[in-house]
Amino acid sequence: MIFSSLTFLCLFLPVTVGFYYLLPEKLKNGFLFAASLVFYAWGEPKYILLMLFSAAFDYMNGLLLDRARQKGKRAAMKAVLASSVAVNLGLLAFFKYAGFFVDNLNALGWFYLPFSAPPLPVGISFYTFQTLSYTVDVYRGRVRPQRNFVDFGMYVAMFPQLIAGPIVRYADIEAQLRNRAVSANAFAAGLFRFIVGLAKKVLVANAAGQLWEEISARQGHTSALTAWLGALAFALQIYYDFSGYSDMAIGLGGMFGFTLPENFLHPYESASVAEFWRRWHVTLGVWFREYLYIPLGGNRCGAGRQIFNLFVVWFLTGLWHGAGWNFILWGLYFFVLLVLERFVFRKLLPKLPSAARRALTLLLVLISWVIFACGDMPTLGAYLKSMFAGPPADGAALYYLRSYAVPLLLGVALSVRLVPNALKALEARLETHQTAVFVFKAVGALALAAVSVVSIVAGAYNPFLYFRF
């Protein structure tokens with residue numbers, strides 16, 4: 001089940017919200033846990049036991065860590081933590097990377113291993129990181145172990161963020177599991193955020209995705225203008241697809257009284273690659289920083305060790321996104337760019353005009369999305385050749401520009417803070433006319449919701465990219 005489906009919008013969500021608010025406080029967490037299991041089982045019934053195992057396993061690990069700490073047994077604590085890391089990452093490696101590993105071994109021709117990769121469980125990369133971060137934080141003493149399995153299970157399985165994040169660490173919502181404020185204003189704000197996210201996904205990401213599908217199907221046999229247009233289309237698709245999902249998740253969380261962390265901060269207006277990664281998929285960046293980069297030594301060491309730390313983080317960041325050489329190359333591409341920014345051009349880049357730094361960063365990011373999107377090296381090579389050495393333009397480019405002008409312009413305009421800031425300024429000027437502001441927002445939300453639902457009913461292109469990762 002996906003948020004941009006009629007089943008979710010017209011059946012699951014209204015029924016869940018209705019029962020949630022009718023039930024007494026002490027039953028809300030249990031009901032939300034059960035509803036989240038139904039949500040997951042709707043599309044992945046055979047893998048629901050895997051998710052429940054991950055939740056139960058690390059729930060028990062939290063209790064074991066607490067018991068070992070009370071008895072002063074540091075060795076036992078380390079053993080529990082090592083077990084948690086090994087099992088969690090072992091399950092992730094088996095389901096996500098075993099097929100990739102075996103295929104590459106077989107390609108060497110030394111021997112042949114008959115192995116059929118299992119289907120990838122939806123959301124495994126996200127809930128694995130969540131349960132693992134809980135165990136690490138209990139080990140570090142940053143959070144107290146959760147003794148109510150229903151509450152912990154609800155944290156792991158909570159359907160707003162279960163499938164594609166944001167990656168919610170237990171510390172982020174520990175207090176909210178038992179004490180969270182639910183009000184009409186918070187619900188309305190959450191609903192508005194959800195509708196905005198739905199519109200971003202359905203009206204911009206889907207149209208940009210259609211354009212990318214058409215251009216990528218040409219397999220690099222195109223003009224430079226068409227190739228760059230395709231790169232822009234994929235950049236808009238993945239941004240509005242994922243940030244739209246995050247907006248919907250955050251909005252749904254607000255409707256149930258949770259404050260979930262922000263995941264996107266207008267990354268395409270960044271003035272450096274490092275800044276881009278502080279704004280893109282924020283919760284993933286925080287996870288890798290807190291649980292990998294800093295434990296490796298972070299910036300608290302010499303240049304050589306810092307470069308090694310960055311290599312490990314970005315190799316694994318690429319691998320986290322998918323079992324494919326293009327994802328590994330994509331991660332290493334950013335590793336090289338960050339090393340160049342930090343150690344080679346550290347003094348030069350700040351001297352450039354802000355507009356030049358933003359344009360350069362955007363250019364490098366567009367190239368990165370081509371690496372990300374092209375699943376094999378020959379296709380990637382052909383596409384990059386078209387971008388930098390193809391004929392300047394062709395009839396296809398003009399056709400695509402005419403056909404997709406509206407969603408492309410809308411996507412570009414909304415990717416920077418100009419429009420949101422203008423709306424906030426207008427709202428501030430009308431602060432003495434709260435009724436007018438409420439009516440304006442309500443009418444706008446209803447219009448966005450109506451247009452989005454019509455697009456869904458029309459059967460438009462409607463995948464979620466990050467479900468694959």
Side-chain angles (χ1 to χ4, degrees), residues 58 78 81-105 120 124-137 139-140 142 165-167 169 171 263 267 270 272-346 361 364-365 367-369 371-372 377 466 468-469:
D58 281 317
K78 291 181 179 180
L81 179 62
S83 172
S84 176
V85 171
V87 172
N88 278 290
L89 296 186
L91 287 173
L92 182 62
F94 174 76
F95 283 100
K96 194 166 183 177
Y97 305 109
F100 174 70
F101 180 72
V102 171
D103 288 345
N104 280 277
L105 279 180
L120 180 65
I124 188 172
S125 297
F126 292 90
Y127 68 71
T128 296
F129 271 26
Q130 290 193 181
T131 62
L132 186 56
S133 69
Y134 165 77
T135 307
V136 174
D137 283 348
Y139 173 83
R140 292 173 172 175
R142 292 183 176 179
I167 299 172
R169 296 179 299 163
N263 216 20
S270 300
S272 69
V273 173
E275 182 185 353
F276 174 80
W277 278 104
R278 289 193 296 269
R279 293 166 171 253
W280 179 277
H281 203 344
V282 175
T283 56
L284 179 67
V286 169
W287 199 98
F288 273 108
R289 185 183 70 238
E290 292 293 321
Y291 301 105
L292 184 60
Y293 185 65
I294 292 176
L296 285 173
N299 298 335
R300 308 182 310 274
C301 43
R305 183 54 190 259
Q306 286 185 49
I307 291 172
F308 172 78
N309 295 344
L310 287 170
F311 171 80
V312 172
V313 167
W314 285 101
F315 175 83
L316 293 178
T317 298
L319 195 61
W320 180 88
H321 279 83
W325 287 109
N326 60 312
F327 297 116
I328 294 172
L329 180 60
W330 175 78
L332 295 180
Y333 171 84
F334 277 111
F335 157 71
V336 171
L337 293 181
L338 288 167
V339 167
L340 291 174
E341 276 192 357
R342 181 175 298 187
F343 297 103
V344 179
F345 301 114
R346 181 167 54 90
T361 302
L364 295 172
V365 169
I367 295 171
S368 81
W369 289 135
I371 299 171
F372 188 94
M377 296 303 107
Y466 262 76
R468 296 187 230 153
F469 313 128

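Computed from a prediction, not measured in an experiment: that's the story for all the values here. Values reported hereafter were calculated over all heavy atoms of this structure, with side chains retained and with hydrogens, waters and symmetry mates removed.
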- Run the side chain to side chain donor-acceptor pair (under 3.5 Å) check on Asp58 and Ser84 step by step: do they pass? CA-CA 7 Å; Asp58 281 317; Ser84 176; 2.7 Å; yes

- Please report the C-alpha distance between Phe129 and Leu284 in whole Å, then the side-chain angles of each, then the deciding distance to 0.1 Å, and finally whether the side chain to side chain contact (heavy atoms under 4.5 Å, CB included) criterion is met. CA-CA 9 Å; Phe129 271 26; Leu284 179 67; 4.1 Å; yes

- Query: Please walk me through it: do Lys78 and Tyr139 pass side chain to side chain contact (heavy atoms under 4.5 Å, CB included)?
  - Reply: CA-CA 8 Å; Lys78 291 181 179 180; Tyr139 173 83; 3.4 Å; yes

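Counting only N and O atoms by type, the side chains of Thr283 and Asn263 include a donor and acceptor under 3.5 Å apart.
Pairs engaging residues 319-333 under the salt bridge (Lys or Arg N to Asp or Glu O under 4.0 Å) rule: none recorded [sequence neighbours left out]. Within the structure, the ring pair (Phe, Tyr, Trp, His ring centres under 6.0 Å) test picks out the following pairs touching residues 291-310 (sequence neighbours left out): Trp287-Tyr291.
Test Phe334, Phe372, Trp314, Trp369 against His321 for ring-ring contact (aromatic ring centres under 6.0 Å, His included) and you get one pass: Phe372.
For the pair Val339 and Val344, the minimum side-chain heavy-atom distance is 4.5 Å or more. A 4.5 Å side-chain heavy-atom check between Trp325 and Asn104 finds at least one atom pair inside the cut-off.
Here the side chain of Gln130 pairs no donor or acceptor atom with the backbone of Ile167 at under 3.5 angstrom.
Among residues two or more places apart in sequence or in another chain, the ring-ring contact (aromatic ring centres under 6.0 Å, His included) test is passed with Tyr127 by none. Residues passing the side chain to side chain donor-acceptor pair (under 3.5 Å) test with Arg278, sequence neighbours excluded: none. The ring-ring contact (aromatic ring centres under 6.0 Å, His included) search around Tyr333 returns none, not counting sequence neighbours. Considering only residues two or more places apart in sequence or on other chains, Ser270 meets the side chain to side chain donor-acceptor pair (under 3.5 Å) condition with none of them. In terms of the side chain to side chain contact (heavy atoms under 4.5 Å, CB included) criterion, residue partners of Val102 (sequence neighbours excluded) are, by chain and number, Asn106, Leu113, Phe115. Applying the side chain to side chain donor-acceptor pair (under 3.5 Å) rule to Ser133 yields no partners; only residues at least two apart in sequence or on another chain are considered. Arg279 meets the salt bridge (Lys or Arg N to Asp or Glu O under 4.0 Å) test with Glu269, Glu275; sequence neighbours excluded. Glu290 pairs by the salt bridge (Lys or Arg N to Asp or Glu O under 4.0 Å) definition with Arg142, not counting sequence neighbours. Asn326 pairs by the side chain to side chain donor-acceptor pair (under 3.5 Å) definition with nothing, not counting sequence neighbours. Annotation: ring-ring contact (aromatic ring centres under 6.0 Å, His included) contacts of Phe276 (sequence neighbours excluded): Trp280.
Taken to the nearest 0.5 Å, the CZ atom of Phe100 stands 10.5 Å off from the CG atom of Leu105. The distance from the OG1 atom of Thr128 to the CG atom of Leu132 is 8.0 Å, given to the nearest 0.5 Å. Between the CG atom in Asn88 and the OG1 atom in Thr131 there is a gap of 4.0 Å [rounded to 0.5 Å]. For the atom pair Phe327 CZ and Leu332 CG, the distance stands at 13.5 Å (nearest 0.5 Å). Going from atom CD1 of Ile371 over to atom CE of Met377 covers 8.5 Å, rounded to the nearest 0.5 Å. In this structure, the separation between CZ on Arg300 and CG on Asn309 is 9.0 Å, given to the nearest 0.5 Å.
Outside the 6.0 Å centre-distance limit, the rings of Trp320 and Tyr97 are not counted as a close aromatic pair.
Taking every heavy atom of both residues into account, Arg305 and Leu296 meet most closely at NH2-O, 2.9 Å. Pairing each heavy atom of Leu310 with each of Arg342, the nearest pair is CD1-NH1, 4.0 Å. Nearest heavy atom pair, residue Ala274 against residue Glu341, reads N-OE1, 3.2 Å.
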